[in-house]
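Everything on this sheet refers to the single structure shown next.
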Amino acid sequence: MATASEALLARLIAFDTVTLTPNLALIEVVRELLSAHGIACTLVRSDDGSRANLHASVGPADVPGVLLSGHTDVVPAAGQAWTVPPFALTERDGLLYGRGAADMKGFVACAVNAMLLASKRPLRRPLQLALSYDEEIGCVGVRRLLDVMEMAPTRPALCIVGEPTSMQIATGHKGKMALRAVCQGLEGHSALAPRALNAIHLACDMVGAMRALQDELQAHGARDPDYEVPYATVHAGCIHGGRALNIVPNECVVDFEIRHLAQDDPDALLAPLRQAAQDIRAQARLRAPAADVRIEQINAYPGLDTHPASEAVRFVESLLPADTGKTKVAFGTEGGLFTRRLDVPVVVCGPGSITQAHKPDEFISRAQLAECDAFLERLLAAL
């Protein structure tokens, strides 16, 4: 027989909430569940009104409590070789399949269920819930919710972000800058290519500068041995340029990212690439005065680095089995934003494995959901 969290997970997975598409139907289901238990909800919508964050609280309003944070959006399933319907829960051999099962509707289901249970308890400190949209493209939606939470008279004492960590405690993750190098040259006939200025060549020079920076960071950059890759990384992910083989392209765009340690200054890391863009542009303008190479920032979020011996970590440890490990994760979360904007300590801990995320036949085990339910039950007892 399905548990309450499993039953709710089935309902949540049925909503196709791929990033940048509407999530209001899912949010309305959660709002109705909470409202039926006397829990008031605040919705903070996107500019176009098609997506919304949800914030709710149970217990006394004038004391700091614990905030459970998760996101409602999922990555696309299209183009992946699924053997089960991605937007319908399939149970097989103790595993629950569906897009978002691990990342991270499993935790959302457990967290909503914990709120319902909390409504029946005489809490001394509140339990709060924050559900956001468009997390997968750089924690976009939660920033609007933080604008509202910053004005609240009482802020949480602790935020638990429920990204999948197999119920281990993650105390840190890297920050990220998503960037774009826009290279403008001068078009011409390819038979007369030397008289034009190839924007793809300019972009290749920029990629070369990125590779040189990566080598420098690997050799001499700050290090944190708790990460699998213990230094900042530079990654070029997309390049777009050219329309026909016989036309010298006049524009080429490179999308790239820098993932950095929490203690790194991201602007300082980017400085060598901004200098490279200036140098490449200066040389290009000797041949084409209108040439340009510029770097634009698309998105950024800060890293997270909660001290492993902090009171927040010790509290979460007290709610988990004695053999629970501590780690730092490779992926990003909204945790760094909560710390920076609200000055709230953050721990990442949630059911499921990140190795299942973003893949066909994504799943979470029933055992992991049960572990998360037990963890949140102990949290309720502590509150």
Side-chain angles (χ1 to χ4, degrees), residues 1-30 33 50-51 70-113 131-141 161-168 170 173 228 235 237-238 255 257 327 329-334 348-376:
M1 182 176 178
T3 66
S5 292
E6 290 171 6
L8 181 53
L9 176 58
R11 296 183 68 183
L12 298 180
I13 283 179
F15 293 105
D16 180 350
T17 52
V18 170
T19 305
L20 295 175
T21 65
N23 75 337
L24 294 181
L26 182 152
I27 289 293
E28 185 59 23
V29 164
V30 174
L33 282 171
S50 69
R51 305 181 301 289
H71 62 84
T72 61
D73 62 314
V74 297
V75 297
Q80 295 185 338
W82 284 74
T83 64
V84 296
F87 296 105
L89 189 69
T90 300
E91 193 277 335
R92 190 167 59 206
D93 298 326
L95 304 179
L96 304 172
Y97 292 84
R99 173 55 86 217
D103 186 15
M104 60 177 298
K105 291 180 177 179
F107 175 79
V108 171
C110 293
V112 172
N113 187 52
L131 301 181
S132 61
Y133 64 88
D134 293 352
E135 185 273 348
E136 294 287 2
I137 55 171
C139 305
V140 172
V161 176
E163 289 279 1
T165 64
S166 299
M167 294 306 297
Q168 303 298 298
H173 63 71
E228 183 175 353
H235 161 71
C238 298
D255 288 345
E257 68 175 27
T327 185
V329 292
F331 55 86
T333 79
E334 66 272 25
V348 183
C349 183
S353 171
I354 197 65
T355 61
Q356 297 304 320
H358 300 196
K359 294 165 60 174
D361 291 352
E362 178 183 350
F363 68 81
I364 191 170
S365 71
R366 297 183 72 183
Q368 280 283 294
L369 280 185
E371 283 190 41
C372 187
D373 280 336
F375 164 66
L376 295 176

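- The distance from the CD1 atom of Ile13 to the CG atom of Leu8 is 10.0 Å, given to the nearest 0.5 Å.
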Under the side chain to side chain contact (heavy atoms under 4.5 Å, CB included) rule, what do Thr90 and Trp82 come out as? Steps first, then yes or no, please.
CA-CA 12 Å; Thr90 300; Trp82 284 74; over 6 Å; no
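- Looking at Asp134, its side chain never comes within 3.5 Å of a backbone N or O of Val140 through a donor-acceptor pair.
- Pro164 and Gly352 get closest at one heavy-atom pair: CB-O, 3.3 Å.
- Scanning for side chain to side chain contact (heavy atoms under 4.5 Å, CB included) contacts around Glu257 gives Lys176, His235, Arg259, with sequence neighbours left out.
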Under 3.5 Å, side-chain donor or acceptor atoms of residues 94-107 against the rest of the protein: list the pairs with distances, not counting sequence neighbours.
residue	atom	partner	partner atom	Å
Arg99	NE	Val75	O	3.1
Arg99	NH1	Lys359	O	3.1
Arg99	NH1	Glu362	OE1	2.7
Arg99	NH2	Pro76	O	3.1
Arg99	NH2	Gln80	OE1	2.4
Asp103	OD1	His71	NE2	3.2
Asp103	OD2	His358	NE2	3.1
Lys105	NZ	Leu12	O	3.0
Lys105	NZ	Phe15	O	3.0
Lys105	NZ	Thr17	OG1	2.9

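- Ser166 is linked by a side chain to side chain contact (heavy atoms under 4.5 Å, CB included) to Ser353, Gln368, counting only residues two or more places apart in sequence or in another chain.
- A side-chain N or O of Asn23 and one of Thr72 form a donor-acceptor pair less than 3.5 Å apart.
- Between the OG1 atom in Thr333 and the CD atom in Glu163 there is a gap of 6.5 Å [rounded to 0.5 Å].
- From Leu369, atom CG reaches atom CD1 of Ile364 across 4.0 Å, with rounding to the nearest 0.5 Å.
- Two residues are said to be in side-chain contact when any heavy atoms from C-beta on lie closer than 4.5 Å; Leu20 and Ile137 meet this criterion.
- Within the model, atoms SG of Cys110 and CZ of Phe375 stand 10.5 Å from one another, a figure rounded to the nearest 0.5 Å.
- Partners of Thr3 under the side chain to side chain contact (heavy atoms under 4.5 Å, CB included) rule, at least two apart in sequence or in another chain, are Ser5, Glu6, Asp373.
- Listed by first and then second residue, the salt bridge (charged side-chain N to carboxylate O under 4.0 Å, His left out) pairs that reach into residues 84-95 come to none, sequence neighbours excluded.
- A 4.5 Å side-chain heavy-atom check between Val29 and Arg11 finds at least one atom pair inside the cut-off.
- Here the closest non-hydrogen pair linking Ala4 and Asn113 is CB-OD1, 3.5 Å.
- Between Gln356 atom CD and Ser365 atom OG the span is 9.5 Å, to the nearest 0.5 Å.
- Considering only residues two or more places apart in sequence or on other chains, Asp361 meets the side-chain hydrogen bond (donor to acceptor under 3.5 Å, both in side chains) condition with Thr83.
- Between Ala170 and Val329, the shortest heavy-atom contact is CB-CG1, 3.8 Å.
- Between Cys349 and Met167, some side-chain heavy-atom pair lies under the 4.5 Å cut-off.
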